[in-house]
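Let me begin by presenting the structure, written as structure tokens, before commenting on it.
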Amino acid sequence: TSPVAWLRTRFYYLLIRLYFDQEFSVEEFTRGAKQAFSVVSKLLSQRKLDLLDELVSAEVLQVLKEKISLLPDSHRDALAADIDAIMYTTEGDVRIYYDDDGMKFVSILMRFWYLNGANLPDEVPGETKVFQIVFGDESTKEKRHLLTANYEFQREFTEGAKPDWTITRIEHPRLLE
């Protein structure tokens, strides 16, 4: 993350605390985002899309239904991320905006790097190298792939709106395309 982007996100977090939610905590949000990412990615992997209704926007859910049905098993297995397998998390973009009806929204893009033991080829479509990490000695090798995912979380802060974050974008590059 560049210093300018880091400062920009911290400024937006300050605005969220000042104008929308005085209890907002970056650490708490990140913890919740990791947990949501783990749950949603596992449900995607298991094709249990009907359980995502309250977590994922209807538009994203419709796109996911189409994409998941076309995935090979190895790619579908690679979507699942155990919370303990998340190696690194960072914020991508933070936005505060109002729609034409005066509704207030905050969206935060989170990037996750996680280890997964799915049986993926060394090269996945798009000619991008998937990083592999080998655990153990030669006789008990366990190959893991370091994969990435981007999830965007959105919350409406209009007076009377439910205080829930909804996932409005899900990207698993080279897996869910």
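All values below come from the heavy atoms of this structure, side chains included, with hydrogens, waters and symmetry mates left out. Numbers here are sequence positions counted from 1.
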Q. Does any N or O in the side chain of D101 come within less than 3.5 Å of the main-chain N or O of M103, such that one atom is a donor and the other an acceptor?
A. no
Q.
Determine whether E171 and L176 satisfy the following criterion, side-chain contact (heavy atoms from CB on, under 4.5 Å), listing intermediate values before the conclusion.
A. CA-CA 7 Å; E171 297 172 342; L176 193 60; over 6 Å; no
Q. With the 4.5 Å side-chain cut-off for hydrophobic clustering, are V63 and L71 part of the same group?
A. no
(Q) Checking side-chain polar atoms at under 3.5 Å, does R95 have a donor or acceptor matched by the opposite partner on S107? (A) yes
Q: Taking all heavy atoms of R111 and all of G92, pick out the closest pair and write down the distance.
A: NH1-CA, 3.6 Å
Q. Checking side-chain contact (heavy atoms from CB on, under 4.5 Å) for the pair R144/N116: CA distance, chi angles, key distance, verdict?
A. CA-CA 5 Å; R144 298 280 179 127; N116 182 287; over 6 Å; no
Q) Going by an N to O cut-off under 4.0 Å, is there a salt bridge joining R10 and E91? A) yes
Q) Can you check whether S45's main-chain N or O pairs, donor with acceptor, with R76's side chain at less than 3.5 Å? A) yes
Q. Quick one: CZ on F11 to CD1 on I16, what's the gap to the nearest 0.5 Å?
A. 11.0 Å
Q. Does the side-chain contact (heavy atoms from CB on, under 4.5 Å) test come out yes or no for E152 and N150, once each step is laid out?
A. CA-CA 7 Å; E152 183 176 61; N150 301 315; over 6 Å; no
(Q) Assigning hydrophobic clusters by single linkage (Ile, Leu, Val, Met, Phe, Trp, Tyr; side-chain heavy-atom cutoff under 4.5 Å), is I83 placed with L79? (A) yes
Q) How close do A33 and F112 get, heavy atom to heavy atom, and via which atoms? A) O-CZ, 3.7 Å
Q) Would one find more than 12 heavy atoms of other residues, nucleotides or ligands at under 6.0 Å from atom CG of D50? A) yes
Q.
When you compare the side chains of Q154 and T166, does any donor N or O come within less than 3.5 Å of an acceptor on the partner?
A. no
Q: Please check if the side chain of S38 supplies one atom and the backbone of K34 the other of a donor-acceptor pair under 3.5 Å.
A: no
**Q.** For F153, ring-ring contact (aromatic ring centres under 6.0 Å, His included) partners two or more places apart
**A.** F29
Q. Among the clusters formed by ILVMFWY side chains lying less than 4.5 Å apart, do M110 and V40 turn up in the same one?
A. yes
Q. Counting only heavy atoms not in Q46, do more than 12 sit closer than 6.0 Å to its CD atom?
A. yes
Q: Begin from the C-alpha positions of V56 and L49 and carry the test side-chain contact (heavy atoms from CB on, under 4.5 Å) through to its verdict.
A: CA-CA 10 Å; V56 178; L49 302 179; over 6 Å; no
Q. Which heavy-atom pair separates A78 from Y114 by the least distance, and what is that distance?
A. O-OH, 2.8 Å
Q | Side-chain touch T148/R174, heavy atoms, less than 4.5 angstrom | A | no
Q. Salt bridge or not for D99 and K104, using N-O below 4.0 Å?
A. no
Q.
Could you report the tightest heavy-atom contact between L70 and E66, atom names first, then the distance?
A. CG-O, 3.5 Å
Q. Relative to each other, are the rings of W165 and F157 parallel, tilted or perpendicular (30° and 60° limits)?
A. perpendicular
Q: Considering non-hydrogen atoms only, spot the tightest contact between E54 and K162 and give its length.
A: OE1-NZ, 4.1 Å
Q: Taking T158 for its side chain and A161 for its backbone only, find out whether a donor-acceptor pair lies under 3.5 Å.
A: no
Q | Reported CD1-to-OG1 distance for the pair I108 and T30, which is rounded to 0.5 angstrom | A | 8.0 Å
Q. Is N119 close to D77 at the side-chain level, that is, under 4.5 Å between some pair of heavy atoms?
A. no
**Q.** Y97 and its ring-ring contact (aromatic ring centres under 6.0 Å, His included) partner, picked from F20, Y12, F105
**A.** F105
Q. At what distance, to the nearest 0.5 angstrom, does OG of S57 lie from CZ of R169?
A. 11.5 Å
Q: Any chance you could measure L146, atom CG, to Y88, atom OH, to the nearest 0.5 Å?
A: 12.5 Å
Q) Taking a hydrophobic cluster as the set of Ile, Leu, Val, Met, Phe, Trp and Tyr residues connected by side-chain heavy atoms closer than 4.5 Å, whether directly or through intermediates, do V94 and L109 fall within one such cluster? A) no
**Q.** Contact summary for P163 and R155, nearest pair of heavy atoms
**A.** CB-NH2, 3.3 Å
Q. In this structure, which one of V39, L52, L175 forms a side chain to side chain contact (heavy atoms under 4.5 Å, CB included) with L44?
A. L52
(Q) The criterion is side chain to side chain donor-acceptor pair (under 3.5 Å); which residues satisfy it with T9, sequence neighbours excluded? (A) none
Q: Establish, from distance only, whether the side-chain atoms of Y151 and H172 form a donor-acceptor pair under 3.5 Å.
A: yes
Q. Linking I/L/V/M/F/W/Y whenever any side-chain heavy atoms sit under 4.5 Å apart, do Y98 and L18 land together?
A. yes
